[in-house]
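Contents: one structure, followed by commentary.
All values below were derived from every heavy atom in this structure, side-chain atoms included, with hydrogens, water molecules and symmetry-related copies excluded.
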Amino acid sequence: MAPLKEAIEPSETMDNNLSKELKTNQQVLKDTFRNCSDIIFRELTLDDGVDALLIFVDGMVKSAEIHENALQPLLFKLAKTGVSDITPDIVEDSVLSLSQVSHVNLYSEVVENVLTGNATLLINGYSEALVLNVRGGTRRSVEEPETEKVIRGPREGFTENLRTNTGLIRFKVKSPRLKTVAMTIGEHTRTNVVLAYMEGIADSKVIDEVKNRLESIHIDGVLESAYIEELIEDQPYSPFPQLQNTERPDTVAAQLLEGRFAIFVDGTPFVLLGPITFWQMLQASDDYYERYMMVSLIRLFRYLFLNLALFLPALYIAVTTFHQDMLPTSLLLSVAAARETIPFPAIVEALIMEVSFEALREAGIRLPKGVGQTVSILGAIVIGQAAVQAGIVSAPMVIVVAMTGIASFTIPRYNQAIAIRLLRFPLMFLAATFGLLGIVLGFVWIAVHLCNLRSFGVPYLSGVAPLKTDELKDIFVRAPWWKMELRPTSFSHRDRKRMGKQMKPSPPRSAR
């Protein structure tokens, strides 16, 4: 990454060591933070008249912790220690009551720590500063994520605080093999990023590749994990996501234990997971909390709804335009009667309704929660009914678009659903041009693209192409937990054992 002096101030002073004169240090730092009203310079006079300076950003630190564990001990406790020489080591060991204190020597290190939410203490006569970890400020509490609600499962979700998020994972995975590698990305935002993985389970080559891709990012700012997602994925021109985002700690913990990695970005509740497969994007968190038979049936329904969301409008256009003989006579007469007064071909009808539906969906998302739902429902009913009565679209087309929209809502991952919505439009044009042959051509193109797609070197269709029979237990259906003894080979080649053998439950012998 670019050195901090380039990001903060193009001055050679930042690269210099701190001076022993507190006045000199204070002047340099005040020049650096000129016109920064939120930077607090708290001048102190310690025991025996020794001057000190505490610097922090108002709003990024825990004020109570600074007052109780730094200011009060420095001003009142230091005199009781009886030491004649006040050094940074003595202040750290005998005065401050903070768990994390470190030493820095450069101006750039002081500036970086202040801007990341730490407080920095400088003492006259010493060319080093103490960094006090008092990061805090006002943060959102842990709540159930809005985007991934479950019927059964934990009600906790990530927040915008990086350490809260990594702590939530530590609560679930209490193992020293859980590694968290910290780095800073963004020349101006200096965003903290943490790469997490399970040592000995995750593929070391994949982890090295992720580190290299993260370290090669040079950008002025990272405000959300989506910035990083677009900069490290394998195929940037694909509509399909190659990293999963989630707000759920239980999802991240489960993926880490299967050998994947997670990327936490400070300031966002969305954590990136990789490598991923196509099938993984159709799995929900509560698939693993409900009984496997019901979950397996629901998964099969999801695949059916996925195909409806992708192909149904195109099939309707192809059949009503080129292949009317495929419809039963009674149904053909009903469709023909409904379309008798419609002045547009089926493709124009479909585009009118699909574009209207997408507009209603976007409006529903952007508006306030209570208003948005009302607008979406009323808009769909009023516009659909009015369009049919006005003779702009036919009633069968309204039914087709409504079924397509409902089917797309059953896809658990929002970014996967967007890809399906996007691909629906070229398929409609192919159907209007070539009929069923066009749909077949579109399907073949999508299948070839998915076969060539990779997520950090792992085939996107791994489990089916290439075929791995052991992984089929958790793709189209969900086998009971006692059947899934090994981790997927697509992500973990070492330490594949997930549980002991013979874990199938049975009644005690005395009850047989």
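Of all the heavy atoms in Ala318 and Ile439, the pair that sits closest is CB-CD1, 3.9 Å. The shortest heavy-atom contact between Met198 and Ser175 is CE-OG, 4.1 Å. Between Ile347 and Phe429, the shortest heavy-atom contact is CD1-N, 4.2 Å. Between Ala253 and Ile169, the shortest heavy-atom distance links the atoms N-CD1, 4.2 Å.
No more than 12 heavy atoms of other residues, nucleotides or ligands sit less than 6.0 Å from atom CZ of Phe171. Heavy-atom neighbours of Met403 CE from other residues, nucleotides or ligands within 6.0 Å: at or below the threshold of 12. Shown here is Lys504, whose NZ atom has no more than 12 heavy atoms of other residues, nucleotides or ligands within 6.0 Å. A 6.0 Å sphere centred on CZ of Phe443 holds no more than 12 heavy atoms belonging to other residues, nucleotides or ligands. No more than 12 heavy atoms of other residues, nucleotides or ligands shown are found within 6.0 angstrom of CD1 on Ile151. Enclosure of atom OH in Tyr288 by more than 12 non-hydrogen atoms of other residues, nucleotides or ligands within 6.0 angstrom is indicated. Annotation for Lys483: atom NZ does not count as buried by contact number, only 12 or fewer foreign heavy atoms lying within 6.0 Å. Remark: Met326 CE is loosely packed, at most 12 non-hydrogen atoms of other residues, nucleotides or ligands lying under 6.0 Å away.
Atom-to-atom distance recorded for Phe305:CZ and Ile411:CD1 is 11.0 Å, nearest 0.5 angstrom. The CG atom of Asp474 sits 14.0 Å away from atom CZ of Arg487, with the distance rounded to the nearest 0.5 Å. The line from OG of Ser408 to CG of Leu310 is 11.0 Å long, rounded to the nearest 0.5 Å. A distance of 12.0 Å separates NE2 in His323 from CD1 in Ile317, rounded to the nearest 0.5 Å.
Glu358 has a carboxylate O that lies under 4.0 Å from a charged side-chain N of Arg421, or vice versa, which qualifies the two as a salt bridge. Under the 4.0 Å criterion applied to side-chain N and carboxylate O atoms, Arg248 and Glu144 are not assigned as salt-bridge partners. Checked for salt-bridge contact, Asp470 and Arg496 meet the test: a charged N lies under 4.0 Å from a carboxylate O. Residues Arg498 and Glu258 are paired through a salt bridge, judged by an N-O separation under 4.0 Å between the basic side chain and the carboxylate. Salt bridge Asp266/Arg135: absent, no basic N to carboxylate O contact under 4.0 Å. Note on Arg454 versus Glu233: no salt bridge recorded, every NZ/NE/NH1/NH2 to OD/OE distance being 4.0 Å or above.
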Next item on the list: Go through the steps for Lys473 and Glu485 under the test salt bridge (Lys or Arg N to Asp or Glu O under 4.0 Å), then give the verdict.
Entry: CA-CA 11 Å; Lys473 296 175 182 175; Glu485 298 173 355; over 6 Å; no

Notebook entry, point to check: Yes or no on side-chain contact (heavy atoms from CB on, under 4.5 Å) for Ile263 and Val271, after CA distance, side-chain angles and deciding distance?
Noted result: CA-CA 6 Å; Ile263 298 174; Val271 174; 5.8 Å; no

Check: Where do Ile228 and Leu214 land on the side-chain contact (heavy atoms from CB on, under 4.5 Å) test, with the steps shown first?
Finding: CA-CA 8 Å; Ile228 291 177; Leu214 289 174; 3.7 Å; yes

Next item on the list: Take Gln416 and Phe278 through the test side-chain contact (heavy atoms from CB on, under 4.5 Å) and record every step on the way to the result.
Entry: CA-CA 9 Å; Gln416 182 83 320; Phe278 180 81; 3.3 Å; yes

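Among Arg478, Arg299, Arg152, the single residue meeting the salt bridge (Lys or Arg N to Asp or Glu O under 4.0 Å) criterion with Asp287 is Arg299. For the pairing with Leu461, the side chain to side chain contact (heavy atoms under 4.5 Å, CB included) check across Thr277, Ile475, Leu450 returns one residue only, Leu450. Each of Asp203, Ile207, Val206 was compared with Tyr197 under the side chain to side chain contact (heavy atoms under 4.5 Å, CB included) criterion, and only Ile207 meets it.
For Phe270 and Phe158, the gap between ring centers reaches or exceeds 6.0 Å. Ring centroids of Phe434 and Phe322 are separated by 6.0 Å or more, keeping the two rings apart. If you look at Trp481 and Tyr292, their ring centroids are not closer than 6.0 Å.
In this structure, a donor-acceptor pair under 3.5 Å is present between the side chains of Gln280 and Gln244. There is no side-chain donor-acceptor pair under 3.5 Å between Tyr460 and Asn452. Side-chain contact annotation: Thr268 with Glu160, donor-acceptor N/O pair under 3.5 Å absent.
Figure legend: Arg213 and Phe456 shown as a cation-pi pair, the cationic atom lying under 6.0 angstrom from the six-membered ring centre and within 45 degrees of its axis.
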